[in-house]
Visitor: 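Dropping the structure in here first, questions after.
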Amino acid sequence: MVVRVQAEGFDAGGELNRFTAACDGAGAVVSFTGIVRNRAGAPLREMMIEHYPGMTEKAIAGIEAEAVDRWSLGRSLVIHRYGALAPGETIMMVATAARHRADAFQAAEFLMDYLKSRAPFWKKEIGRDGAEWVAARDEDEAALGRW
Amino acid sequence: MVVRVQAEGFDAGGELNRFTAACDGAGAVVSFTGIVRNRAGAPLREMMIEHYPGMTEKAIAGIEAEAVDRWSLGRSLVIHRYGALAPGETIMMVATAARHRADAFQAAEFLMDYLKSRAPFWKKEIGRDGAEWVAARDEDEAALGRW
Amino acid sequence: MDVLYFAWVRERIGHPKEKVETTAATVRDLVEELRAREDRYDAAFADLSALRVAVDQELADFDADLSGVREVAFFPPMTGG
Amino acid sequence: MDVLYFAWVRERIGHPKEKVETTAATVRDLVEELRAREDRYDAAFADLSALRVAVDQELADFDADLSGVREVAFFPPMTGG
């Protein structure tokens, strides 16, 4: 279980390789990377991500502990950035390793669903003509219902 | 849609980075990597993967076309090795990119379920005391039922 | 007790953190005290259904007990990932 | 027609590929012709439920029609991924 909350960018491919190399006995590794999308219409200048230092790490550790409890997981990794990000930059990544693929996939989806709605991050989109906080999506809250 | 069937090893992290860089407009990238696991008890010397040249590429392309048809996918990538692999080596990888994570996750799981049971690959485990073809698992066949 | 604000709640109130002397028994009582202070607080807390609260860095609800609590944070629904 | 064998079917029959002159109407008829050849064929095809077949590189079933077909392959259930 590794959790990193950081302002700096990171190399998702390098992280995936290091994660996989450290997963002795795993047959399946799943990764998710979230990327700052540009908007149709009004171009995005940057995305500002605010978080709650202290609670963020605790919340993610709690979510990971629950994933480990529910699935047969070898290891997991969560990296999440905060601060100013440009379109195309990687916001965050999750990786899970397990003997079989079903556990790795389900744990990764579970981690993502909970990180979306239960880890204290807030996104603000900054365009040429102003800035706007990203609203939580109903379907993200609803996604928690399946676990 | 990129399909590569090859004997050579590949750098999963490098592939993930190249894939992500080429995915303009995607917010979510999911990857799966399959790794040769060692066996408990009798150590594995190598895994031999046999395939059906010609049909393999066609079958994977057909599976990818169906994934594109069912989900809102930006891009997808399938790399699958054949030949002799040592424990710890990467057998194959799938990557999917979409605007939202649900499409990327579901398409990756769908691709994996179909690659497991519908792409013409066969695995043979070679140990110190003999070799054995890996049997298809009932749960892999059953996994197709959900799509 | 430390009271923290994040995202648009922080922007509306005008600062990220403040020390609050209070005898409020629950989060809801604390909210009422804050709303009574100034218009910007009143505006920020007008619709509690748009807000979430954490008590000592754990998600809580507005009826949560504040005895012994050192830190309360108010913010909109989270948008991580 | 080319007939291909993979994995343990290839090992049991002893070669990966052969040309077969046949007037078999279906895959099942072809299997019967092959089984009549030699014991190793008979053994390889003893339990059809353990085998899969592809006709011109598409998965098919044992009742598939062979008219115009150039390539038939026999193999155990696939274990990719």
Side-chain angles (χ1 to χ4, degrees), chain B residues 3 5 32-37 47-63 78-82 85 90-94 108-126 130-144, chain D residues 1-20 22 26-28 30-31 34 39-81:
Chain B
V3 178
V5 181
F32 176 91
T33 9
I35 296 144
V36 181
R37 267 191 294 133
M47 176 171 275
M48 273 297 306
I49 301 179
E50 183 170 333
H51 80 120
Y52 183 171
M55 178 171 167
T56 308
E57 293 78 0
K58 261 190 239 179
I60 298 175
I63 294 164
V78 175
I79 304 174
H80 204 302
R81 292 177 65 189
Y82 59 86
L85 281 80
T90 301
I91 304 170
M92 53 84 65
M93 122 174 235
V94 155
E109 287 195 74
F110 171 87
L111 287 171
M112 284 308 306
D113 283 353
Y114 273 82
L115 286 169
K116 275 273 167 195
S117 309
R118 293 291 182 270
F121 290 99
W122 300 273
K123 295 193 184 107
K124 189 178 196 175
E125 292 182 337
I126 297 159
E132 207 168 359
W133 289 98
V134 174
R137 303 192 317 156
D138 288 344
E139 53 265 57
D140 284 334
E141 188 63 33
L144 298 181
Chain D
M1 166 189 307
D2 288 326
V3 179
L4 283 70
Y5 310 105
F6 292 98
W8 62 253
V9 187
R10 172 180 55 71
E11 291 178 338
R12 204 159 297 179
I13 287 177
H15 46 249
K17 187 174 178 174
E18 60 190 319
K19 288 229 175 277
V20 173
T22 180
T26 67
V27 172
R28 204 177 295 277
L30 174 63
V31 166
L34 292 168
D39 280 354
R40 58 199 164 106
Y41 287 91
D42 192 43
F45 289 106
D47 177 10
L48 287 192
S49 76
L51 292 181
R52 302 290 179 267
V53 61
V55 169
D56 282 341
Q57 305 193 349
E58 300 264 1
L59 279 176
D61 58 47
F62 286 88
D63 296 318
D65 192 331
L66 290 185
S67 51
V69 163
R70 287 167 308 168
E71 186 172 305
V72 175
F74 296 100
F75 41 78
M78 293 157 275
T79 54

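Chain identifiers are assigned alphabetically (A, B, ...) following the order of the sequence lines, protein sequences preceding nucleic acid strands; residue numbering begins at 1 within each chain.
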Visitor: Of all the residues in residues 40-47 of chain D, which have a heavy atom that comes within less than 4.5 Å of a heavy atom in chain B?
Guide: none
Visitor: Relative to chain D, which of B:E50, B:M112, B:M92 shows the most heavy atom pairs under 4.5 Å?
Guide: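 Of the candidates given, the most pairs with chain D belong to B:E50.
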Visitor: Can you say whether B:A119 sits under 4.5 Å from chain D via the side chain, the backbone, both, or neither, judging by heavy atoms?
Guide: backbone
Visitor: Just how far is it from atom OH of B:Y52 to atom CG of D:L4, taken to the nearest 0.5 Å?
Guide: 5.0 Å
Visitor: Is D:E11 close to B:W133 at the side-chain level, that is, under 4.5 Å between some pair of heavy atoms?
Guide: yes
Visitor: Is it the case that over 12 heavy atoms from other parts of the model lie below 6.0 angstrom from the CD atom of D:E18?
Guide: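 Check passes, neighbour count above 12.
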Visitor: More than 12 heavy atoms of other residues, nucleotides or ligands under 6.0 Å from CG of D:D63: is that the case?
Guide: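 It does: D:D63 CG has more than 12 such atoms within range.
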Visitor: Between B:K123 and chain D, with a heavy-atom cut-off of 4.5 Å, which part of the residue counts as in contact: side chain, backbone, both or neither?
Guide: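 Contact with chain D involves both backbone and side-chain atoms of B:K123.
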Visitor: May I ask you to say whether B:K58 pairs ionically with D:E58, meaning some side-chain N is under 4.0 Å from a carboxylate O?
Guide: no
Visitor: Any donor-acceptor pair under 3.5 Å linking the side chain of B:H80 with the backbone of D:G81?
Guide: yes
Visitor: Can you tell which part of B:R137 gets under 4.5 Å to a heavy atom of chain D, answering side chain, backbone, both or neither?
Guide: neither
Visitor: Less than 4.5 Å apart, side chain to side chain, heavy atoms only: is that true for B:E141 and D:M78?
Guide: no
Visitor: Is it the backbone or the side chain of D:R10 that comes under 4.5 Å from a heavy atom of chain B, or both, or neither?
Guide: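 Side chain of D:R10 only, per the 4.5 Å heavy-atom cut-off to chain B.
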Visitor: Look only at the side chain of B:W122 and the backbone of D:F6, and say whether a donor-acceptor pair between them is shorter than 3.5 Å.
Guide: no
Visitor: Between D:P77, D:A50, D:A7, which has the largest tally of heavy atom pairs under 4.5 Å with chain B?
Guide: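 That would be D:A7.
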Visitor: Do the non-hydrogen side-chain atoms of D:L59 and B:R118 ever get within less than 4.5 Å of each other?
Guide: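 Heavy-atom side-chain distance check passes, below 4.5 Å.
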Visitor: Starting at OG1 of D:T79, measure out to CE of B:M47 and round the result to the nearest 0.5 Å.
Guide: 8.0 Å
